[in-house]
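Below: the structure, in structure tokens.
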Amino acid sequence: MAQQKDFSQNLLTDGIVSNGGFVPPAGLCWISVLASLLLACSYVGSLYVWRSELPRDHPTVIKRRFTSVLIVSGLSPIFVWAWREFTSVKTGPSLLALMGIRFEGLIPAIILPLMLTMVLFLGPLMQLAMDCPWSFMDGIQVALDPSFWMLCFSDMRWLRNQVVAPLTEELVFRACMLPMLVPCAGPLASIFTCPLFFGVAHFHHVIELLRFRQGTLSGIFLAAVFQFSYTAVFGAYTAFLFIRTGHLMGPVLCHSFCNYMGFPAITTAMEHPHRFTVLSSYLMGVLLFLLFLFPFTDPIYYGLPTPVCTLTSSPSSLCLS
């Protein structure tokens with residue numbers, strides 16, 4: 001307890017020193033929120049700069065959107081730089097470090113958050129393994145086959161869901177927004193504020209569903225509400241990972257993994273021939289996830305304190321080991 005108290009005092013002192021006597025300036029919250037909103041609108045708007053009558057999954061549409069979204073994502077650090085210059089907030093870590101792009105603690109950041117997420121998906125993974133016609137060795141052989149990965153990277157939808165979307169969304173909605181929101185709201189509030197931009201950004205799918213009449217109006221609305229809720233919860237989780245680890249790589253890999261797994265098919269699990277085993281795996285996964293949530297994201301593995309935590313004017317338990 002005494003060691004933790006000493007660390008809290010050191011973190012506060014280090015934050016004040018590294019931030020040049022940092023005290024949130026007046027109006028910082030408004031500027032941070034407006035900058036985050038502008039960033040979110042720029043990201044979503046880039047998807048619609050191309051006029052096309054084709055659906056979103058058409059390869060031509062995907063390729064065009066790759067171009068625009070990669071440009072916006074590449075320019076997104078400018079928002080953070082401009083925010084820092086405009087608010088005169090002095091930061092100890094570099095801009096890239098604040099955005100989770102650094103070498104310290106990189107290996108744990110690649111392994112532990114992904115392992116934690118896989119533990120949460122223990123039920124779906126068990127269900128997938130039981131229903132898969134391949135043996136474990138068959139799966140290993142496929143994973144080591146270069147032609148398999150060449151096929152994946154030639155598939156525009158796979159490339160969007162597993163690479164481009166996770167990388168660009170985590171860069172924009174976590175790595176760029178959280179450094180602007182944490183000095184204003186603090187780490188805990190930022191974890192629940194940041195996902196709102198992420199969830200609202202996914203409402204643009206409603207436009208295409210209505211445009212191509214893919215379902216009834218009420219069905220589309222309910223699907224949009226569900227997607228907003230799911231993406232907001234997921235966004236809070238990856239924001240938690242980003243603040244605790246101070247790395248972009250962990251959230252990106254977890255995002256890619258969750259895109260591959262999709263939302264857990266709980267209804268199918270309840271009708272599975274081995275229902276007890278599958279449902280037990282679901283429950284065990286949730287319990288183990290809650291048990292390992294803080295140990296696996298302990299900042300001591302990633303460099304203490306993490307860069308984004310130096311932006312707080314007072315220590316937060318989320319930033320402590």
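If you're wondering where the values come from, they're calculated on a predicted model, not measured in any experiment.
For Tyr237, the ring-ring contact (aromatic ring centres under 6.0 Å, His included) test picks out Phe289, with sequence neighbours left out. The salt bridge (charged side-chain N to carboxylate O under 4.0 Å, His left out) search around Arg84 returns none, not counting sequence neighbours. A search for salt bridge (charged side-chain N to carboxylate O under 4.0 Å, His left out) contacts involving Arg174 returns Glu170, not counting sequence neighbours. Taking the ring-ring contact (aromatic ring centres under 6.0 Å, His included) definition, one finds that Phe121 meets it with Phe257, sequence neighbours left out. The ring-ring contact (aromatic ring centres under 6.0 Å, His included) search around Phe226 returns Phe263, not counting sequence neighbours.
Residues Leu144 and Met137 are members of one and the same hydrophobic cluster, defined by side-chain heavy-atom contacts under 4.5 angstrom among Ile, Leu, Val, Met, Phe, Trp and Tyr.
Think of Val49 as one node in a network of Ile, Leu, Val, Met, Phe, Trp and Tyr side chains linked at under 4.5 Å; its network also takes in Trp50. Applying the 4.5 Å side-chain rule to ILVMFWY residues, one finds Leu287 in the same cluster as Leu283.
The list of side chain to side chain donor-acceptor pair (under 3.5 Å) pairs with a residue in residues 102-112, not counting sequence neighbours, is empty. Pairs passing the side chain to side chain donor-acceptor pair (under 3.5 Å) check and including a residue from residues 259-272, sequence neighbours excluded, read Asp131-His272. Applying the side chain to side chain donor-acceptor pair (under 3.5 Å) test to residues at least two apart or on different chains, the pairs with a partner in residues 134-143 are Ser135-Asp138. Residue pairs that meet the side chain to side chain donor-acceptor pair (under 3.5 Å) test with at least one member in residues 176-199, sequence neighbours left out, do not exist here. Every pair tested for ring pair (Phe, Tyr, Trp, His ring centres under 6.0 Å) that includes a residue from residues 54-98 fails, sequence neighbours excluded, so the list is empty.
The two residues Ala232 and Pro195 come nearest to each other via the heavy atoms O-CB, 3.1 Å. Across all non-hydrogen atoms, the minimal contact from Ile191 to Leu318 is CD1-CD1, 3.5 Å. The minimum heavy-atom distance linking Val252 with Pro166 is given by the pair O-CB, 3.7 Å.
Note: Trp149 and Phe153 have tilted aromatic rings, judged against thresholds of 30 and 60 degrees for the angle between ring planes.
Counting heavy atoms of neighbouring residues, nucleotides and ligands inside a 6.0 Å radius, atom OH of Tyr230 exceeds 12 of them.
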